[in-house]
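See below for the structure under consideration.
We use all heavy atoms of the structure for the numbers below, so side chains are in, but hydrogens, waters and symmetry mates are not. Note on naming: letters A, B, ... go to the chains in the order of the sequence lines (proteins, then strands), and numbering restarts at 1 for each one.
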Amino acid sequence: QKEVEQNSGPLSVPEGAIASLNCTYSDRVSQSFFWYRQYSGKSPELIMSIYSNGDKEDGRFTAQLNKASQYVSLLIRDSQPSDSATYLCAVNTNAGKSTFGDGTTLTVKP
Amino acid sequence: KAGVTQTPRYLIKTRGQQVTLSCSPISGHRSVSWYQQTPGQGLQFLFEYFSETQRNKGNFPGRFSGRQFSNSRSEMNVSTLELGDSALYLCASSPGLVGDTQYFGPGTRLTVL
């Protein structure tokens with residue numbers, strides 16, 4: 001089992017729809033959780049960080065964390081073609097080691 | 001603030017050679033992490049340096065090494081290059097506390113022929 005698993009893609013949604021990206025992790029002592037967006041040929045850029053159970057909203061993006069279920073998700077509301085990218089889930093342990101999922105490629109169709 | 005910079009941006013080497021990649025973190029950041037990204041393996045953690053000390057290490061062979069200088073700049077070295085080392089090497093910096101957000105550089109694209 002991989003340490004961080006993301007829902008297999010690619011994921012395709014129509015413009016204006018909600019895109020839902022999921023991530024599970026195996027290390028129960030994980031403390032910090034991040035979502036990065038990576039456009040083709042570019043480096044990852046941070047979208048959201050979340051540290052406590054519950055929801056965290058930032059504009060059209062909402063991150064959800066459930067430590068009991070070892071699950072973190074990212075919702076993108078009103079998806080735009082510019083949201084088309086690969087989304088990476090990253091999990092940090094207390095020791096600071098970062099583990100990334102393989103990513104989910106999202107395509108938003110106009 | 002200036003972002004994370006990496007040099008060179010592109011490299012072509014042949015098998016058996018060695019290569020050194022450089023990373024300059026965001027000013028004030030004390031932690032530098034290195035990652036290898038390939039289409040088949042995704043983003044793989046190589047190692048992290050904090051205040052000139054290796055704080056974490058991934059599962060890579062000893063051919064991969066790194067160091068960090070007193071100004072927080074970091075270098076990564078790969079000796080005896082193999083074809084499978086062809087990848088995008090990304091450097092990320094953070095202030096240094098566990099759980100801090102990482103900020104990625106543009107990467108160095110290494111091709112081994």
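With values rounded to the nearest 0.5 angstrom, Gln44(B) atom CD is found 9.0 Å from Thr99(A) atom OG1. Taken from OG in Ser33(B) to CG in Asn92(A), the straight-line distance is 8.5 Å, to the nearest 0.5 Å. The OG1 atom of Thr86(A) sits 11.5 Å away from atom CG of Leu43(B), with the distance rounded to the nearest 0.5 Å. Here the CD atom belonging to Gln37(B) is positioned 9.0 Å from the OG atom belonging to Ser43(A), to the nearest 0.5 angstrom.
Hydrophobic clustering of Ile, Leu, Val, Met, Phe, Trp and Tyr side chains at less than 4.5 Å, counting indirect connections, unites Tyr87(A) with Val13(A). Connection of Phe60(B) to Tyr49(B) is established within a shared hydrophobic cluster, with ILVMFWY side chains joined at heavy-atom distances below 4.5 Å, either directly or through further cluster members. Connection of Leu106(A) to Phe61(A) is established within a shared hydrophobic cluster, with ILVMFWY side chains joined at heavy-atom distances below 4.5 Å, either directly or through further cluster members. In terms of hydrophobic clustering, with Ile, Leu, Val, Met, Phe, Trp and Tyr side chains grouped at heavy-atom distances under 4.5 Å, Phe100(A) and Tyr25(A) are assigned to different clusters. Val112(B) and Tyr89(B) fall within the same hydrophobic cluster, where Ile, Leu, Val, Met, Phe, Trp and Tyr residues are linked whenever their side-chain heavy atoms come under 4.5 Å apart, directly or through other members.
For Phe33(A), no part lies near chain B; criterion is any non-hydrogen pair under 4.5 Å. For chain B, no part of Glu45(A) is nearby; none of its heavy atoms comes within less than 4.5 Å. Looking at Leu90(B), only its side chain comes within 4.5 Å of chain A, counting heavy atoms on both sides. Looking at Tyr35(B), only its side chain comes within 4.5 Å of chain A, counting heavy atoms on both sides. At a 4.5 Å heavy-atom cutoff, the contact between Gln41(B) and chain A is made by backbone atoms alone.
Around atom CG of Asn59(B), no more than 12 heavy atoms belonging to other residues, nucleotides or ligands sit under 6.0 Å away. Atom CD of Glu3(A) is surrounded by 12 or fewer heavy atoms from other residues, nucleotides or ligands within 6.0 Å.
Taking every heavy atom of both residues into account, Asp100(B) and Phe34(A) meet most closely at O-CZ, 3.7 Å.
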